[in-house]
Amino acid sequence: MKGKNPIHIRSYEQPDFERLCQIHDFARKNELALAKLTDAFVPLNIAAEREGLFEYQLFVAEYQGIVAGFVAFTEDELAWLYVDTALSRRGIGSSLMSFALNRMASDASIEVLSGNLPAIALYTGFGFEIYQTLTGVMPGNEAFHITVHVMRRSPSPM
């Protein structure tokens, strides 16, 4: 263990993909169940290409030597954040959030499926607020209609 924090964040490497699939697929099923969209599930080995995962800055969190989560973002959008559900409540999601936010604009945004209260709580804890609610089709699986909350982080007052 390095120091007091057993979480190490590093750049994604191609051999990580199988582990990312395991993490994403289980967590995504839970996320979709919260939004009552279980039938909309698409595994990461398909969703990664459809939704442009590798077009984002992509980092993984290692916890006790194994990949335990990942985050993908641009300067102004947090696009993907998934943690191994068996390792939740250990600071992995918060570590990934802090890491990404330190590299993003102060007014960054994220879209969260309506009903995903655990994610909304995490993002609220980092200063995000629901800015607007939109309905449309699910990116990467356009057969499904969704409602998302666009959350924005307000710039810190001077």
Enquirer: Which atom pair, heavy atoms only, marks the closest approach of M104 to L78?
Expert: CE-N, 3.3 Å

Enquirer: Of all heavy-atom pairs between M151 and T124, which one has the smallest distance, and what is that distance?
Expert: CE-OG1, 3.6 Å

Enquirer: Is I23 reachable from F73 through a run of hydrophobic residues whose side-chain heavy atoms are each under 4.5 Å from the next?
Expert: no

Enquirer: Do F17 and V60 share a hydrophobic cluster (ILVMFWY, side-chain heavy atoms under 4.5 Å, transitive)?
Expert: yes

Enquirer: Find out whether T147 and T133 are in side-chain contact, i.e. whether some heavy atom of one side chain is under 4.5 Å from a heavy atom of the other.
Expert: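 Result yes, sub-4.5 Å side-chain heavy-atom pair found.
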
Enquirer: Mind checking the OG1-CD1 spacing from T135 to I146? Nearest 0.5 Å is all I need.
Expert: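 If I round to the nearest 0.5 Å, the distance is 9.0 Å.
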
Enquirer: For the atom pair CZ (F126) and CE (M97), what is the distance rounded to the nearest 0.5 Å?
Expert: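 Separation between the atoms: 5.5 Å.
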
Enquirer: Which distance, rounded to the nearest 0.5 Å, do you find between the CG of L20 and the CG of N45?
Expert: 12.0 Å

Enquirer: Report yes or no: do Q57 and Y12 form a side-chain donor-acceptor pair below 3.5 Å?
Expert: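 Y12 and Q57 do not have a side-chain donor-acceptor pair below 3.5 Å.
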
Enquirer: Any side-chain heavy atom of T38 sitting closer than 4.5 Å to one from K29?
Expert: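 Of all side-chain heavy-atom pairs linking K29 with T38, none is under 4.5 Å.
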
Enquirer: I'd like to check R153 versus L101 (side-chain heavy atoms, cut-off strictly below 4.5 Å). Are they in contact?
Expert: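 When only atoms from C-beta onward are counted, L101 and R153 do touch, with a gap below 4.5 Å.
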
Enquirer: In terms of relative ring orientation, are H24 and W80 parallel, tilted or perpendicular, with 30° and 60° separating the classes?
Expert: tilted

Enquirer: Taking all heavy atoms of A72 and all of Y56, pick out the closest pair and write down the distance.
Expert: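 Looks like CB-CB, 3.7 Å.
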
Enquirer: Indicate the atoms forming the closest heavy-atom contact of I7 with S95, along with that distance.
Expert: CD1-OG, 3.5 Å

Enquirer: Output, in order, the C-alpha distance, side-chain angles, deciding distance and verdict of side-chain contact (heavy atoms from CB on, under 4.5 Å) for R19 and D84.
Expert: CA-CA 10 Å; R19 181 69 179 130; D84 183 334; 2.5 Å; yes

Enquirer: For the residue pair F59 and I9, what are the closest heavy atoms and their distance?
Expert: CB-CG2, 4.0 Å

Enquirer: Can D76 and S109 be said to form a side-chain contact (heavy atoms from CB on, under 4.5 Å), step by step?
Expert: CA-CA 6 Å; D76 58 359; S109 69; 5.9 Å; no

Enquirer: Taking atom OH as the centre, does Y131 end up with more than 12 heavy-atom neighbours from other residues, nucleotides or ligands that are less than 6.0 angstrom away?
Expert: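 Open: at most 12 neighbouring heavy atoms sit under 6.0 Å from OH of Y131.
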
Enquirer: If you compare all heavy atoms of D25 against all heavy atoms of P43, which two are closest, and at what distance to 0.1 Å?
Expert: OD1-CA, 3.4 Å

Enquirer: Under 6.0 Å from the CD atom of E49, do we count more than 12 heavy atoms belonging to anything else shown?
Expert: no

Enquirer: Report the C-alpha separation of N30 and T85 in whole Å, then their side-chain angles, then the decisive distance to 0.1 Å, and conclude whether the side-chain contact (heavy atoms from CB on, under 4.5 Å) test is met.
Expert: CA-CA 9 Å; N30 290 343; T85 56; 3.6 Å; yes

Enquirer: Decide whether V112 and M138 are clustered together by the hydrophobic rule: side chain heavy atoms of Ile, Leu, Val, Met, Phe, Trp, Tyr closer than 4.5 Å, transitively.
Expert: no

Enquirer: For residues F70 and Y82, establish whether the separation of their ring centroids is below 6.0 Å.
Expert: yes

Enquirer: In Å and rounded to the nearest 0.5 Å, what is the OG to NZ distance from S114 to K36?
Expert: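 These two atoms lie 9.0 Å from each other.
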
Enquirer: Which value, rounded to the nearest 0.5 Å, describes the distance between S94 atom OG and L81 atom CG?
Expert: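 Going from OG on S94 over to CG on L81, the span is 9.0 Å.
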
Enquirer: Is it possible for you to check whether R103 lies under 6.0 Å from the centre of the six-membered ring of F99, through NZ or CZ, and within 45° of that ring's axis?
Expert: yes

Enquirer: Crowded around E142 CD? As in, over 12 foreign heavy atoms under 6.0 Å?
Expert: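 Counting neighbours around CD of E142, more than 12 heavy atoms of other residues, nucleotides or ligands fall under 6.0 Å, so yes.
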
Enquirer: So, are D16 and R10 salt-bridged, with charged N and O less than 4.0 Å apart?
Expert: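 Between R10 and D16 there is a salt bridge, with a charged N closer than 4.0 Å to a carboxylate O.
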
Enquirer: Please report the interatomic distance CG(L37) to CZ(R28), rounded to the nearest 0.5 Å.
Expert: 8.5 Å

Enquirer: Same cluster or not: F128 versus L122, using hydrophobic residues (I, L, V, M, F, W, Y) connected whenever any side-chain heavy atoms lie under 4.5 Å apart?
Expert: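 Both belong to a single hydrophobic cluster.
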
Enquirer: In terms of hydrophobic clusters joined by side-chain contacts under 4.5 Å, are L113 and L134 together?
Expert: yes

